[in-house]
Amino acid sequence: MKEIHELTSMDMVDSFIQQHKLSFLYVSRQECSVCHALLPKIRELLKPYPSIALGHIDANQVEEVASKFLIFTVPIMLVLVEQKEVVRADRFVRMDRLGEQMEQIYSSYA
């Protein structure tokens, strides 16, 4: 499975985005059952893409993440290329569509 970087502060989030050309941020809350069910699927989806770094943010712990990225619901997945958001998916995600987007981004930027 894909390695997850636990990001526990906005400084860590900012550093993570700056350090990785391709960043995938997964924002969740502990009480969200959809969040818990979706994370293993995201890890599996990203397994073939070693250059995409996966960061996990608990929105309860890092409350500022909501205002920085304009997040109104969880889970939310943000894909950033060179610190710019290129994909946003939230709540009920079509994994096939997200997989196509990851393939396209990876072939273009990795």
Side-chain angles (χ1 to χ4, degrees):
M1 283 231 196
K2 183 79 169 179
E3 176 187 4
I4 297 178
H5 300 268
E6 292 295 333
L7 308 174
T8 57
S9 71
M10 277 312 299
D11 288 338
M12 287 180 76
V13 172
D14 292 337
S15 265
F16 180 80
I17 293 168
Q18 290 170 2
Q19 291 173 5
H20 299 96
K21 179 180 177 181
L22 301 172
S23 304
F24 189 109
L25 298 179
Y26 186 80
V27 183
S28 67
R29 291 188 186 274
Q30 288 185 2
E31 65 275 4
C32 170
S33 60
V34 174
C35 299
H36 292 291
L38 192 56
L39 185 56
K41 294 176 183 178
I42 295 299
R43 290 180 74 188
E44 192 63 32
L45 175 79
L46 294 178
K47 197 165 143 182
Y49 309 112
S51 298
I52 299 176
L54 174 59
H56 176 249
I57 306 161
D58 181 338
N60 290 335
Q61 188 174 18
V62 187
E63 293 176 356
E64 307 89 16
V65 74
S67 60
K68 175 161 179 130
F69 294 107
L70 300 174
I71 295 171
F72 301 104
T73 187
V74 291
I76 190 157
M77 287 122 291
L78 305 171
V79 180
L80 297 98
V81 176
E82 296 175 347
Q83 303 176 35
K84 292 183 176 51
E85 184 181 318
V86 295
V87 173
R88 177 180 286 248
D90 59 12
R91 201 70 183 146
F92 299 105
V93 179
R94 286 191 45 213
M95 294 301 289
D96 57 337
R97 175 71 182 127
L98 187 58
E100 291 168 7
Q101 291 172 310
M102 293 300 96
E103 181 62 37
Q104 186 176 32
I105 288 166
Y106 201 77
S107 63
S108 298
Y109 296 103

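Since the structure is predicted, the reported quantities are computational estimates derived from the model, not experimental observations.
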A.B. asks: Find the distance between NZ (K47) and CD1 (I42) and round it off to the nearest 0.5 Å.
C.D. replies: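 It is 14.5 Å, given to the nearest 0.5 Å.
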
A.B. asks: Hydrophobic cluster membership, with links at side-chain heavy-atom distances under 4.5 Å among I/L/V/M/F/W/Y: are F16 and I105 in one?
C.D. replies: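 Result: no, two separate clusters.
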
A.B. asks: If we only count heavy atoms from C-beta on, is the P75 to V34 side-chain gap below 4.5 Å?
C.D. replies: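 In contact.
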
A.B. asks: Would the number of heavy atoms belonging to other residues, nucleotides or ligands and lying under 6.0 Å from CD of Q104 be above 12?
C.D. replies: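 No, CD of Q104 has 12 or fewer neighbouring heavy atoms, counting only those of other groups under 6.0 Å.
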
A.B. asks: Indicate the atoms forming the closest heavy-atom contact of A59 with V27, along with that distance.
C.D. replies: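 Heavy atoms of A59 and V27 come nearest at CB-CG1, 3.9 Å.
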
A.B. asks: For H36 and Q30, indicate whether the former's side chain and the latter's backbone hold a donor-acceptor pair under 3.5 Å.
C.D. replies: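 Looks like yes, one N/O pair under 3.5 Å.
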
A.B. asks: Let me confirm one number: the CG-NE2 distance from L7 to H5, rounded to the nearest 0.5 Å.
C.D. replies: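 The NE2 atom of H5 is 8.0 Å from CG of L7, to the nearest 0.5 Å.
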
A.B. asks: What distance do Y106 atom OH and L22 atom CG have between them, rounded to the nearest 0.5 Å?
C.D. replies: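 Rounded to the nearest 0.5 Å, the OH-CG separation comes to 7.5 Å.
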
A.B. asks: When rounded to the nearest 0.5 angstrom, what distance separates CZ in F24 from NZ in K2?
C.D. replies: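 Output value for this atom pair is 10.5 Å.
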
A.B. asks: What do the steps show when you test M77 against V93 for side-chain contact (heavy atoms from CB on, under 4.5 Å), and what is the final call?
C.D. replies: CA-CA 9 Å; M77 287 122 291; V93 179; 3.3 Å; yes

A.B. asks: Can you check whether C35's main-chain N or O pairs, donor with acceptor, with Y26's side chain at less than 3.5 Å?
C.D. replies: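 Yes, because the side chain of Y26 sits within donor-acceptor range (under 3.5 Å) of the backbone of C35.
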
A.B. asks: Identify the heavy atoms of H56 and E6 that sit nearest to each other, and give their distance.
C.D. replies: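 The answer is ND1-OE1, 2.8 Å.
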
A.B. asks: Taking it one step at a time, do I4 and R43 satisfy side-chain contact (heavy atoms from CB on, under 4.5 Å)?
C.D. replies: CA-CA 8 Å; I4 297 178; R43 290 180 74 188; 3.2 Å; yes

A.B. asks: Would F69 and V62 show up in the same hydrophobic cluster when neighbours are defined by side-chain heavy atoms closer than 4.5 Å?
C.D. replies: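 Result: yes, single cluster for both.
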
A.B. asks: When you check the gap from the basic side-chain N to the acidic O, do E44 and K41 get nearer than 4.0 Å?
C.D. replies: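 A salt bridge is absent here (no side-chain N lies under 4.0 Å from a carboxylate O).
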
A.B. asks: Just wondering, do V87 and L98 contact through their side chains at under 4.5 Å, heavy atoms?
C.D. replies: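 Touching, per the 4.5 Å side-chain cut-off.
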
A.B. asks: Verify the cluster assignment for L39 and M95: are they in a single hydrophobic cluster under the rule of side-chain heavy atoms below 4.5 Å apart?
C.D. replies: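 Linked, L39 and M95 end up in one cluster.
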
A.B. asks: What's the spacing between E82 CD and H20 NE2 if we round to 0.5 Å?
C.D. replies: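 Rounded to the nearest 0.5 Å, the CD-NE2 separation comes to 14.0 Å.
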
A.B. asks: Determine, step by step, whether V13 and I57 satisfy the side-chain contact (heavy atoms from CB on, under 4.5 Å) criterion, reporting the C-alpha distance in whole Å, the side-chain angles of both residues, the deciding distance to 0.1 Å, and the verdict.
C.D. replies: CA-CA 8 Å; V13 172; I57 306 161; 3.7 Å; yes

A.B. asks: Test Q18 against Q83 for side-chain contact (heavy atoms from CB on, under 4.5 Å), laying out the working first.
C.D. replies: CA-CA 6 Å; Q18 290 170 2; Q83 303 176 35; 3.7 Å; yes

A.B. asks: In the single-linkage hydrophobic clustering (I, L, V, M, F, W, Y; side-chain heavy atoms under 4.5 Å), do L46 and L78 co-cluster?
C.D. replies: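 L46 and L78: separate clusters.
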
A.B. asks: I'd like to know if the side chain of R91 and the backbone of V74 have a donor-acceptor N/O pair within less than 3.5 Å.
C.D. replies: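 Yes, because the side chain of R91 sits within donor-acceptor range (under 3.5 Å) of the backbone of V74.
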
A.B. asks: Just verifying a value: how many Å separate L38 CG and C32 SG, rounded to the nearest 0.5 Å?
C.D. replies: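 Reported to 0.5 Å precision, the distance equals 8.5 Å.
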
A.B. asks: Scan L80, L54, V65 and name whichever one has a side chain to side chain contact (heavy atoms under 4.5 Å, CB included) with L25.
C.D. replies: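 That would be L80; it is the only one of L80, L54, V65 passing the side chain to side chain contact (heavy atoms under 4.5 Å, CB included) with L25.
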
A.B. asks: I'd like to know whether CD of E63 has more than 12 heavy-atom contacts from other residues, nucleotides or ligands below 6.0 angstrom.
C.D. replies: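 No, the 6.0 Å shell around CD holds no more than 12 heavy atoms from other groups.
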
